[in-house]
Amino acid sequence: MAHELEIMENGEASMAYVGKTPWHGLGKRVPADVSTQQMLVAAGLDWTVEKKPLFFQTDTGPVLTKSRALVRSTDNKVLTVISEQWNPVQNIEAFEFFNDFVSAGDMEMHTAGSLRDGKMVWAMAQLKDSFELFGGDKVEGFLLFSNPHEFGRSIDIRFTPVRVVCNNTMTMALNENAQHAVKINHRSHFNGDQVKMVLGVAGDRLAAYKEQAQFLGKKKYSKETIVEYFNRVFPSMSKDEVKLAKTSFPISRHAEEALATVHTQPGANFAEGTWWQAFNAVTYMTDHKLGRSRDSRLTSAWYGLNRAKKEKALDLAVKYAEMA
């Protein structure tokens, strides 16, 4: 099976983790008190990138272009082609972003690695804060730093809750005055202190998410509204996919799978019949069911269509709950 995780020349995956072995058993386990620098090295990410001039060949010789190649130091691999104004962020800068949090005891490094042959590097730290809902439904908080070495992709730093009972990576939806994510394009120079100021206190963000989850767990869905909800989250791709659900409402194939998952997903016993249960059926589908493989689902859950799908699902769940 092909993996999104980068496999290094020594045959090991470019990934390090604390605790349980993730996904497909690849990567290097490190102790819980690992430093940011130790995590960087353990994950095989102690390399740099450099902008190199690009030429094209003519009959009279090479001609310099305005484009640049972003080249990795360890193997001279061209990761992407960029403009002169594109400012790379080195992996060490991404990891040093966590230093203050880790040294203060507010976070611990959790996972780090490289996807798509070095084009996407991530580091994730676990917050010391967590909360429980509905008699045992535990949610832990993480801070994810995504550092792309690829033209057209922005640096992305965001708080990411994880539902422990099923290891669902969830999304957050806060108002504009309480941002849970910062995106920085590579035409700007990365300023870690400014990002920390915008994100604010991690515990405050998780507390705001707890309030949102509690609200969803108090509001009941009906047979009609949950079918409509799943159809909006998982719209049909063609007329052939649409059929009648057991409730006699038209439903797409993935929406029907989600409907069946509501009462069978891990943690289905928490806040049964509510929009919290319905929303978590979506996160379980995107993280554990959709896609070709576990690591392709991970990539999509963090960076692709499934992340956008979860953001839409949470927004819709809140709107339906407000009408309930």
Side-chain angles (χ1 to χ4, degrees), residues 19-20 22-23 110 124 126-144 158-174 180 202-234 245-247 251 254-290 294 297-298 301-302 306-307 309-324:
K20 295 180 181 179
W23 308 309
H110 187 264
M124 188 162 70
Q126 183 172 0
L127 313 183
K128 290 298 181 68
D129 296 302
S130 64
F131 63 83
E132 279 193 6
L133 300 166
F134 319 120
D137 199 355
K138 187 176 182 180
V139 175
E140 296 177 336
F142 294 82
L143 185 62
L144 174 65
R158 64 180 55 236
F159 293 114
T160 304
V162 172
R163 192 179 184 216
V164 175
V165 68
C166 49
N167 200 29
N168 288 6
T169 303
M170 299 188 290
T171 184
M172 300 178 75
L174 305 174
H180 72 281
D204 292 347
R205 300 297 176 266
L206 201 62
Y209 186 75
K210 179 181 179 180
E211 290 181 9
Q212 196 171 54
Q214 287 174 323
F215 172 71
L216 292 177
K218 294 176 182 177
K219 300 294 183 175
K220 298 283 188 176
Y221 58 75
S222 66
K223 291 181 179 180
E224 294 84 358
T225 55
I226 194 171
V227 170
E228 182 178 283
Y229 171 69
F230 286 141
N231 270 332
R232 293 179 69 180
V233 175
F234 301 106
K246 293 179 180 178
T247 51
I251 190 167
H254 284 154
E256 185 180 44
E257 290 179 32
L259 190 61
T261 298
V262 168
H263 299 293
T264 61
Q265 62 177 312
N269 56 307
F270 296 114
E272 289 185 274
T274 70
W275 286 105
W276 173 250
Q277 186 188 45
F279 168 62
N280 281 302
V282 175
T283 63
Y284 183 73
M285 284 277 293
T286 55
D287 286 13
H288 302 283
K289 296 294 182 182
L290 303 181
R294 282 179 288 181
R297 283 193 289 270
L298 166 73
W302 284 358
N306 283 347
R307 187 175 83 179
K309 195 178 295 295
K310 285 187 284 190
E311 290 172 351
K312 177 182 178 181
L314 180 57
D315 181 61
L316 284 173
V318 170
K319 289 179 179 177
Y320 277 106
E322 288 172 344
M323 295 185 294

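The figures here come from the full heavy-atom set of this structure, side chains too, leaving out hydrogens, waters and symmetry mates.
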Fill in: Main-chain N/O of Gly267 paired with Arg163 side-chain donor or acceptor, under 3.5 Å
yes
Worksheet item: Would you say Lys220's side chain and Glu272's backbone share a donor-acceptor pair under 3.5 angstrom?
Response: yes
Close side-chain approach of [X] and [Y], heavy atoms under 4.5 Å:
| X | Y | result |
| --- | --- | --- |
| Trp276 | Leu133 | yes |
| Trp275 | Phe215 | no |
| Lys219 | Thr274 | no |
| Leu206 | Phe159 | no |

Worksheet entry | Worked verdict on Leu314 versus Tyr209 for side-chain contact (heavy atoms from CB on, under 4.5 Å) | CA-CA 11 Å; Leu314 180 57; Tyr209 186 75; 4.3 Å; yes
Separation between [atom1] of [X] and [atom2] of [Y], rounded to the nearest 0.5 Å:
| X | Y | atom1 | atom2 | answer |
| --- | --- | --- | --- | --- |
| Leu259 | Lys223 | CG | NZ | 10.5 Å |
| His288 | Thr261 | NE2 | OG1 | 11.0 Å |
| Leu216 | Gln214 | CG | CD | 10.5 Å |
| Met124 | Arg158 | CE | CZ | 13.0 Å |
| Gln265 | Phe270 | CD | CZ | 11.0 Å |

Worksheet item: Which word best sums up how the rings of Phe234 and His254 line up, parallel for under 30°, tilted for 30 to 60°, or perpendicular for over 60°?
Response: perpendicular
Worksheet, complete the sentence: Scanning both residues in full, the closest heavy-atom pair of Lys309 with Val233 reads NZ-O, 3.4 Å
Response to the item:
Those residues at least two apart in sequence (or on a different chain) that pass side chain to side chain contact (heavy atoms under 4.5 Å, CB included) with Val262 are Tyr221, Ile226, Phe230, Gln277, Ala281
Review item, side-chain donor-acceptor pairs of residues 316-324, under 3.5 Å, at least two apart:
residue : atom : partner : partner atom : Å
Lys319  : NZ   : Asp315  : OD2          : 3.2
Tyr320  : OH   : Glu228  : OE2          : 2.5
Tyr320  : OH   : Arg232  : NH1          : 3.4

Item to complete: Start with the C-alpha gap between Lys310 and Asp287, add the side-chain angles, then the distance that decides, and say whether side-chain contact (heavy atoms from CB on, under 4.5 Å) holds.
Response: CA-CA 10 Å; Lys310 285 187 284 190; Asp287 286 13; 2.9 Å; yes
